[in-house]
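One structure is given here, and the rest of the page talks about it.
Residue numbers start from 1 in every chain, and the chains themselves are labelled A, B, ... in the order their sequence lines are given, proteins ahead of strands.
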Amino acid sequence: MARQTAFRAAVPAVALVLVAAACGGGDDDASTSGGDGATSIRVANTSPTQPGFVPAKFGVITYGENFGLDMTIDDFTTFDSHAVATQTVLSGRADVVAGSLVSNLLLNEQGQDFKLFCPYIAQDDFVIAGANGIDSVEDLFDPNTRVALDSPGGAGDVILNAMLQALGQDQTAADIPGIQILESSGLRTTAFASGDVDATVIHDYQYYEAAEQATDPVIIASLFEEVPDFVKEGHAAPAAWLEENAELAANYCAAVLMGMRELSADYDAFVGAVEEFADVEEMPDDETLRALHTSAVDYGFWPGEDGGLSEESITFMAEVGVKSGLLEEVPAYEDVVAVDILERALELVEEQS
Amino acid sequence: MASTTKPAAATFDPTGPMLMWTLRITSVIALLAAWEWYGRKPESFTIAPVSEVATAMWDGFASGDFGRALAGTMLTMVVGYVIAAVIGVGVGLWIGVSRYAQNTIEPLVHAGYATPVSLLIPILGIYTGLELRGRIILVVLWCVFEILVNTSTGIKEVPPALIDVGKSFNASKFDLYRKVVLPAARPYIFLGLKIGVGRAIRGAVTAELLLSAANLGRVLLGAQSTFDIPTLLAGIVLTMLLGLVLMRLASLVERRSLAYRTA
Amino acid sequence: MSVLTIENVSKTFTTKRGRVVQETHALADVSLSIDEGEFCVIIGASGCGKSTLLRMIDGLTAPSSGQILLKGRPITGPGPDRGVVFQHAHLLPWRTVRKNVEFGLECLGVGQRERRERAATYIDMVGLSGFEDHYPAQLSGGMQQRVGLARAFAVEPEMLLLDEPFGALDAQTKLVMQGELERIWGVRRSTALLITHDIEEALFLADRIIVMSNRPGRVAQIVDVPFARPRRDDLRSDPEFAKMKFQLWDALKSGTAGRAA
């Protein structure tokens, strides 16, 4: 009896060990994709494709062929966190992560040698919204002001810090005394609308929804207006993989840049791309899409012309990261961006047009 | 048969527990070693080695963060659980006893029981508030139905024969419920209360993740968004340990109070 | 003097299955009376309504027609003047032996000290001294039924109602318990009504046996049992005992003839 129990107790442990070993072992077969003659890249997205995020998929599917790519929509997989997407690349089940730039810098600092090589989406339509008499950045630091924000290091936190820095504020989100952590922007919008908080960081369309209910609502600052250097998300891959697959990566990025150029120039194409590629339950109305498109074009959401990822903007983002307490120091530009690949991609685009 | 196997079992006895413990300890060590080995592989990013997780756990407690988070989560959980237990047992008794309640309240309870509470969080948040009160209400919603349904089932499942016994011995209506129905329903009620403990923990942590982040939920979210994997895993392990300890405790209380069944 | 009088009692159960209403005639026109200090046994095949009759005497169900009088007063519900022993003992499993025996006394509002004393007396009487703090789950079936007896005796009822009390026991235990009941009953000789389908049990315990026929239950025959008390196990080998057993078997058979089989 005792023996049986003991064996039974040991079974789960042994099983776990075997599973872990199997996972570890399996990596080796899968990790060597790409290489010479490869025509496709497996992309791990870290969040669902919002309407503003469509140019990358659109470009790759539409113009991929022009650059010798053979990719379908199945080559893109959406994960619900940057960590999981990164693990997928490390385990050899994807090649490239499309995700938050600051997260990429943080990963790099933690010793994961990932390099940015292509833009994904540069800007965001986040705004600092205030109500109940809160109408300035200084008001956020009043102990009586209730401010809703996501966790330190989250998208909203980074965006708020970027805006604070651009507006010349010395303090960061961590210094806000009345902070309340609400992870989802939807819940922040609800809290803002119902008066549970006095200020928050949300999408501008969420602000307009909430403004109908909130008392004295006001947009204190808007990211794309205040922070032209902001870079929200980019494509990154392990440096070793990029070295081996430089041309493939450049071809991929060229298709992305083409998509950005095309959608910037053509509103109808953008609407079609949203219909086809965005992970939305229902199509936004024409007014919303048109406003988004206008902002995207005016404020460089899709840096198809120069590729974005300039030294200036990366340094700015790194400084935001340092000020937020996420990063230890501002990294050397060449250590985090594969400039040669981005430049090669721009060349390829020029050759085409 | 029995007489021939018994002595054989007796000769195993001295080695039995030893063997069992040896195997148990070995398998735990093997598991930890495998974890360490896997975590140290350069390509494992979401699994940190167990040594780093242990360090993060130590740091977490040394800095007081984990202690405070644990206390906060337990406070939310305990307050919510006690409210849910009172409501659940009370309304459950009422439904079990009263035809009126059976017709009016029970359908609502079943609808509530089947609804995934997490779906309601964004809507509920508006009415419950996003801070402690909201979290406590979520914990209550998370576990009250389990307790309630088990209690009313327990009342309905009381053997009619025992009720006859009570009536035959002239129990008043009050005595009948207090001395026969309630004790007879106790195994169900305790089962509901035990399952409720597990659900209360899940409710507390979920509320801390999805409403205003706080306590253990805040530790987990913060670690996740800064890629502090060792702290994230330490937080998860801590949450699991909390669940394990409280469930064990609940089982112990249940076994103690229902000892008469197997005595 | 008659303690219990049953006058023209009938019982009909109505069951509804959807729209189909079904009526079962459990008892038809049963009349009998039981004298003070008498040990009366009702015997009949299963389904003859004898348990229904006992439940009516206990006051758990009411007759459809006719009436039952206890000391001249109609029965409207359970009362402290009757103590019941159930077929499966039906002890309260969360109570110890002592607390089970005290249960009826608690319900009557008897003070704690007196409860203790009376429980001790009756636990001793049924031979369970030393088991006071055991839970039912720790007792054998026979021991559980001893507790059941003590619980019924403890309220010191004027009339003892026993509903096939040994029906669930194995053959040997059953014989032992019959002897025990004869012995315990002999101490006070309060009026007792026992229900059984066991002919030998009926003969061994009864002053008078009422044989009931089947569906609907009627009184088929009433048999006086002449054996002197106290009765011992050797009575079972008495030729007269065997003869009466045979007679009763005949009576039971004719009671069920043509309906069952």
**Message:** Are more than 12 heavy atoms, taken from residues, nucleotides or ligands other than A:Glu243, located less than 6.0 Å from that residue's CD atom?
**Reply:** no
**Item:** Atom of A:Gln87, atom of B:Ile47 and distance for their closest heavy-atom approach
**Value:** OE1-N, 4.2 Å
**Prompt:** With only heavy atoms counted, which part of A:Ser324 is less than 4.5 Å from chain B, the side chain, the backbone, both or neither?
**Reply:** neither
**Item:** Gap separating the CD atom of A:Glu183 from the CG atom of B:Leu221, nearest 0.5 angstrom
**Value:** 4.0 Å
**Message:** Rounded to the nearest 0.5 Å, what separates atom OG in B:Ser212 from atom CZ in A:Arg188?
**Reply:** 11.5 Å
**Request:** Below 4.5 Å from any heavy atom of chain B, which atoms of A:Ser194 appear? Answer side chain, backbone, both or neither.
**Result:** side chain
**Message:** On a heavy-atom basis, which atom in B:Leu130 and which in A:Ala191 lie closest, and how many Å separate them?
**Reply:** CD1-CB, 3.4 Å
**Request:** Check the surroundings of atom CE in B:Met74: do more than 12 heavy atoms from other residues, nucleotides or ligands lie under 6.0 Å from it?
**Result:** no
**Prompt:** When rounded to the nearest 0.5 angstrom, what distance separates CG in A:Leu327 from OG1 in B:Thr226?
**Reply:** 11.0 Å
**Asked** Between B:Leu232 and chain A, which part of the residue has a heavy atom less than 4.5 Å away: side chain, backbone, both or neither?
**Response** neither
**Complete:** OG of A:Ser81 to CD of B:Gln224, rounded to nearest 0.5 Å, is 5.5 Å
**Asked** So, for A:Ser151 and B:Gly222, which heavy atoms are closest and what is the spacing to 0.1 Å?
**Response** OG-N, 4.0 Å
**Prompt:** Do the side chain of A:Gln110 and the main chain of B:Phe227 share a donor and acceptor less than 3.5 angstrom apart?
**Reply:** yes
**Message:** I need the residue from B:Gly217, B:Ser44, B:Ala214 with the largest number of non-hydrogen atom pairs under 4.5 Å to chain A.
**Reply:** B:Ser44
**Request:** Name the region of A:Leu149, side chain, backbone, both or neither, that has any atom closer than 4.5 Å to a heavy atom of chain B.
**Result:** neither
